[in-house]
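What follows is a set of notes on a single structure, which appears directly below.
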Amino acid sequence: MRVFGAAVMSAMLVLAGCQRESDTLVQVSGHIFVFNYRVAIATYLVTLNKKAPLPEGAVAIAEFENPAGGAPLVINEKIFPAWEKISLQSPPIHCVKKDQPYTVSIRLVDAGGKELQSLKTTVTSDVDQSIMPGKPLVVGPLYTRNPEVFKADGTVDYDSADTCPKT
């Protein structure tokens with residue numbers, strides 16, 4: 001009887017070790033706002049760590065809350081099997097407010113569109129987007145000073161007028 005009990009216990013341990021701990025394929029490892037003052041653009045940046053293999057043709061669909069209001073900003077990012085980290089960057093955004101949490105929803109889907117995992121996180125900025133210039137400071141591939149900002153007469157026009165809705 002002891003031998004049978006030991007065999008059953010060993011089999012249970014082996015089977016338990018074969019099960020996935022959870023259905024977590026990826027995990028949020030970072031989320032920030034990126035303020036690129038040179039080109040006067042702000043974006044969300046969310047990074048994911050892979051915890052399990054993803055099928056060929058998997059796609060991340062991310063919905064970023066629009067700080068200016070309106071419909072969320074949506075991106076579709078193909079995920080390559082060799083990637084250990086996945087970076088999701090939004091299109092340019094406007095009107096980010098300091099200490100305001102903004103929602104990001106992410107769905108992983110396979111090539112056929114079947115949902116593999118969904119995640120939700122929030123991103124909060126420690127600065128207000130009003131610190132950004134309204135116009136790019138540089139233009140072109142050589143980072144040439146923008147003549148709309150840096151005038152020929154030596155004056156500077158950052159055009160940082162607040163065009164965001166009042167909350």
Side-chain angles (χ1 to χ4, degrees), residues 25-111 113 116-167:
L25 299 171
V26 298
Q27 179 178 20
V28 175
S29 60
H31 45 82
I32 61 170
F33 284 106
V34 177
F35 292 97
N36 186 334
Y37 68 91
R38 286 184 179 199
V39 292
I41 292 176
T43 58
Y44 287 90
L45 180 62
V46 177
T47 56
L48 308 172
N49 276 344
K50 246 175 44 174
K51 297 294 182 187
L54 293 169
E56 186 73 36
V59 175
I61 302 169
E63 291 187 5
F64 301 92
E65 182 178 349
N66 188 343
L73 305 166
V74 180
I75 64 162
N76 291 303
E77 184 75 36
K78 181 176 165 65
I79 301 171
F80 293 93
W83 287 357
E84 290 303 312
K85 292 191 181 285
I86 301 162
S87 296
L88 304 172
Q89 187 168 15
S90 73
I93 56 174
H94 188 64
C95 300
V96 175
K97 297 293 180 197
K98 178 180 179 176
D99 298 328
Q100 168 72 39
Y102 296 97
T103 304
V104 179
S105 300
I106 303 163
R107 290 185 319 118
L108 298 179
V109 297
D110 66 13
L116 302 170
Q117 182 181 351
S118 65
L119 305 132
K120 194 173 256 191
T121 189
T122 59
V123 183
T124 305
S125 178
D126 59 356
V127 295
D128 198 276
Q129 192 168 349
S130 63
I131 65 164
M132 294 278 286
K135 300 175 187 172
L137 301 180
V138 295
V139 292
L142 300 177
Y143 291 108
T144 305
R145 289 176 140 215
N146 185 347
E148 291 181 29
V149 175
F150 301 98
K151 308 287 183 181
D153 64 4
T155 59
V156 178
D157 177 16
Y158 293 113
D159 182 32
S160 60
D162 188 12
T163 59
C164 297
K166 303 296 179 209
T167 55

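Counting from 1, the numbers follow the sequence of the chain as shown. Keep in mind that this is a model prediction, so the values were computed, not measured.
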Do [X] and [Y] have side chains that approach each other closer than 4.5 Å (heavy atoms only, starting at C-beta)?
| X | Y | result |
| --- | --- | --- |
| Gln117 | Arg107 | no |
| Asp157 | Lys151 | yes |
| Ile106 | Leu119 | yes |
| Pro72 | Asn66 | no |

Minimum heavy-atom separation for [X] to [Y], with atom names?
| X | Y | answer |
| --- | --- | --- |
| Pro147 | Val139 | CD-CG2, 4.5 Å |
| Glu148 | Lys135 | O-NZ, 3.5 Å |
| Ala40 | Gly134 | CB-C, 4.4 Å |
| Leu116 | Val109 | CD1-C, 3.9 Å |
| Ser125 | Val96 | CB-CG1, 3.7 Å |
| Val74 | Glu63 | CG2-CG, 3.7 Å |

To the closest 0.5 Å, what do you measure between [atom1] ([X]) and [atom2] ([Y])?
| X | Y | atom1 | atom2 | value |
| --- | --- | --- | --- | --- |
| Asp126 | Ile32 | CG | CD1 | 10.0 Å |
| Ile131 | Lys98 | CD1 | NZ | 10.0 Å |
| Gln27 | Ile86 | CD | CD1 | 12.0 Å |

Set of ring-ring contact (aromatic ring centres under 6.0 Å, His included) partners for Tyr102, sequence neighbours left out: Phe33
Under the ring-ring contact (aromatic ring centres under 6.0 Å, His included) test, which residues partner Phe35, sequence neighbours left out? none
I need the full list of side-chain hydrogen bond (donor to acceptor under 3.5 Å, both in side chains) pairs touching residues 69-82, with sequence neighbours left out, sorted by first then second residue. none
Please confirm whether the backbone N or O of Phe80 pairs with a side-chain atom of Glu56, one donor and one acceptor, at under 3.5 Å? no
Test side-chain contact (heavy atoms from CB on, under 4.5 Å) applied to Asn146 and Val138, step by step: CA-CA 5 Å; Asn146 185 347; Val138 295; 5.9 Å; no
Name of the residue among Ile61, Leu54, Val59 meeting side-chain contact (heavy atoms from CB on, under 4.5 Å) with Leu108: Leu54
Verify side-chain contact (heavy atoms from CB on, under 4.5 Å) between Tyr158 and Leu137, making sure each step is shown before the conclusion. CA-CA 8 Å; Tyr158 293 113; Leu137 301 180; 3.7 Å; yes
Would you sort out whether Lys120 and Val104 count as a side-chain contact (heavy atoms from CB on, under 4.5 Å), showing the intermediate values? CA-CA 6 Å; Lys120 194 173 256 191; Val104 179; over 6 Å; no
The complete set of ring pair (Phe, Tyr, Trp, His ring centres under 6.0 Å) pairs with one or both residues in residues 129-149, sequence neighbours excluded, reads none
May I have the list of side-chain donor-acceptor pairs in residues 41-50 shorter than 3.5 Å, sequence neighbours left out?
unit_1 : atom_1 : unit_2 : atom_2 : d
Thr43  : OG1    : Gln89  : NE2    : 2.8
Tyr44  : OH     : Glu65  : O      : 2.6
Thr47  : OG1    : Ser29  : OG     : 3.1
Thr47  : OG1    : Gly30  : N      : 3.2
Asn49  : OD1    : Lys85  : NZ     : 2.8
Lys50  : NZ     : Pro81  : O      : 2.5
Lys50  : NZ     : Trp83  : O      : 2.9

Sorted by chain and residue number, the salt bridge (Lys or Arg N to Asp or Glu O under 4.0 Å) partners of Arg145 (sequence neighbours excluded) come out as none
